[in-house]
Amino acid sequence: MGVKAHPFMHEYRIKALDPVAEMCESKGIPMIIHLSSEPDSYKYLPEKYPKLKLIYAHAGLPFWKKLWDYVKDQPNVFVDTSSDYLNASIVKKAVESLGYRKVLFGCDGPYGMKKYNEYDYSSKKGWIDSLQIPDNQKEYILGKNFLGLID
C-alpha cells in the first residue's frame, strides 16, 4: 500500500530515505513522512524524486506555512490532517492554502488511544465536517484523494 517514514522519532536525515523513495517512486506507491527538524527538509524528496507520491503527515509539522507554499506547486505532494497537534482551525487553513485536492484525512490512530483497542475518530473527522466547503469536496479529503494515489 505504501511506506511510512519517521525521521524525527528515529533520528535520521531525510537523505537516508533515498533508497526507499526511489523504490516507492519506481513502483508508484505513496510514502508518508513525519518530517525531521532539518531546515527545508520538505524540499528534498520532491526535488530529487519528482514522481514520488508524497504525503507530509500532520499537515507538514513543523514547517506548516512554508511547506504549504511549497506544496502548492508540487503535483505529487500532499498533507494529511492527522495529529493531536492540529485542530479545526489549522486544518481549515491548510485546505484554504492548498485546496481540497491536496489534503488527506488522517487520524494518527492508534496514537492517542485512551483505552486499549478503542479509538475515537469522530473529533478529527469533525474538523473536516466543519469546513465550509461543498460535501463533494469533503469526500476528496475523506478518501478520494488517497484512492487517487493508490490506483
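- Considering only heavy atoms from C-beta on, Asn76 stays 4.5 Å or farther from Leu54 through its side chain.
- With sequence neighbours excluded, the residues that form a side chain to side chain contact (heavy atoms under 4.5 Å, CB included) with Lys65 are Trp68.
- Contact record, His6 with His34: CE1-CG, 3.4 Å, taken as the closest heavy-atom pair.
- Counting heavy atoms from C-beta outward, Leu149 and Ile29 have side chains that stay 4.5 Å or more apart.
- Two different hydrophobic clusters hold Val3 and Ile55 under the rule that ILVMFWY side chains link at heavy-atom gaps under 4.5 Å.
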Tell me, with the steps shown, if Lys72 and Lys102 meet side chain to side chain contact (heavy atoms under 4.5 Å, CB included). CA-CA 8 Å; Lys72 286 179 196 176; Lys102 300 286 270 176; 5.9 Å; no
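- For the pair Asp80 and Phe105, the minimum side-chain heavy-atom distance is 4.5 Å or more.
- Note on Ile133 and Phe78: separate hydrophobic clusters, where clusters join Ile, Leu, Val, Met, Phe, Trp and Tyr whose side-chain heavy atoms are under 4.5 Å apart, directly or indirectly.
- Residues Ile141 and Trp127 fail the side-chain proximity criterion, which asks for heavy atoms closer than 4.5 Å.
- Put simply, NZ on Lys43 and CZ on Phe63 are 10.5 Å apart, with the number rounded to the nearest 0.5 Å.
- Distance check, rounded to the nearest 0.5 Å: CG of Asp18 to CZ of Arg13 gives 11.5 Å.
- Residues Tyr85 and Pro62 fail the side-chain proximity criterion, which asks for heavy atoms closer than 4.5 Å.
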Derivation of the side chain to side chain contact (heavy atoms under 4.5 Å, CB included) call for Leu67 and Val77: CA-CA 10 Å; Leu67 182 141; Val77 183; over 6 Å; no
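- Between Met1 and Ile150, some side-chain heavy-atom pair lies under the 4.5 Å cut-off.
- Residues Ile32 and Leu142 do not share a hydrophobic cluster, defined by chaining ILVMFWY side chains whose heavy atoms lie under 4.5 Å apart.
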Between Lys4 and Ile33, is a side chain to side chain contact (heavy atoms under 4.5 Å, CB included) present by the stated rule, with each step listed? CA-CA 6 Å; Lys4 178 172 183 183; Ile33 182 170; over 6 Å; no
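- Counting heavy atoms from C-beta on, the side chains of Ser83 and Lys124 never come closer than 4.5 Å.
- With Tyr42 as the fixed residue, the side-chain contact (heavy atoms from CB on, under 4.5 Å) test singles out one of Glu47, Gln74, Lys66: Lys66.
- A pairwise comparison of heavy atoms in Cys24 and Pro30 identifies SG-O, 4.3 Å as the closest pair.
- Within the structure, side chain to side chain donor-acceptor pair (under 3.5 Å) contacts touching residues 137-148 (residues at least two apart or in different chains) are Arg101-Asn145, Glu139-Lys144.
- From Lys125, atom NZ reaches atom OG of Ser130 across 10.5 Å, with rounding to the nearest 0.5 Å.
- Side chain of Thr81 to backbone of Val91: no donor-acceptor contact under 3.5 angstrom is found.
- In terms of hydrophobic clustering, with Ile, Leu, Val, Met, Phe, Trp and Tyr side chains grouped at heavy-atom distances under 4.5 Å, Tyr56 and Leu104 are assigned to different clusters.
- In this structure, CE in Met31 is found 10.0 Å from CD in Glu25, a value given to the nearest 0.5 Å.
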Would Leu98 and Val79 count as a side chain to side chain contact (heavy atoms under 4.5 Å, CB included) if you check the C-alpha gap in whole Å, the side-chain angles of each, and the deciding distance to 0.1 Å? CA-CA 9 Å; Leu98 295 169; Val79 301; 3.6 Å; yes
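- One finds the CG atom of Leu17 at 10.5 Å from the CE atom of Met23 (value rounded to the nearest 0.5 Å).
- Minimum interatomic distance between Ala59 and Trp64 (heavy atoms only, all atoms of both residues): O-CD1, 3.2 Å.
- For the pair Ser41 and Leu35, the tightest heavy-atom approach, listed with the atom from each and the gap, is OG-CD2, 3.7 Å.
- Within the model, atoms CG of Leu45 and CD of Glu22 stand 12.0 Å from one another, a figure rounded to the nearest 0.5 Å.
- Remark: Tyr100 pairs with no residue by the side chain to side chain donor-acceptor pair (under 3.5 Å) rule, at least two apart or across chains.
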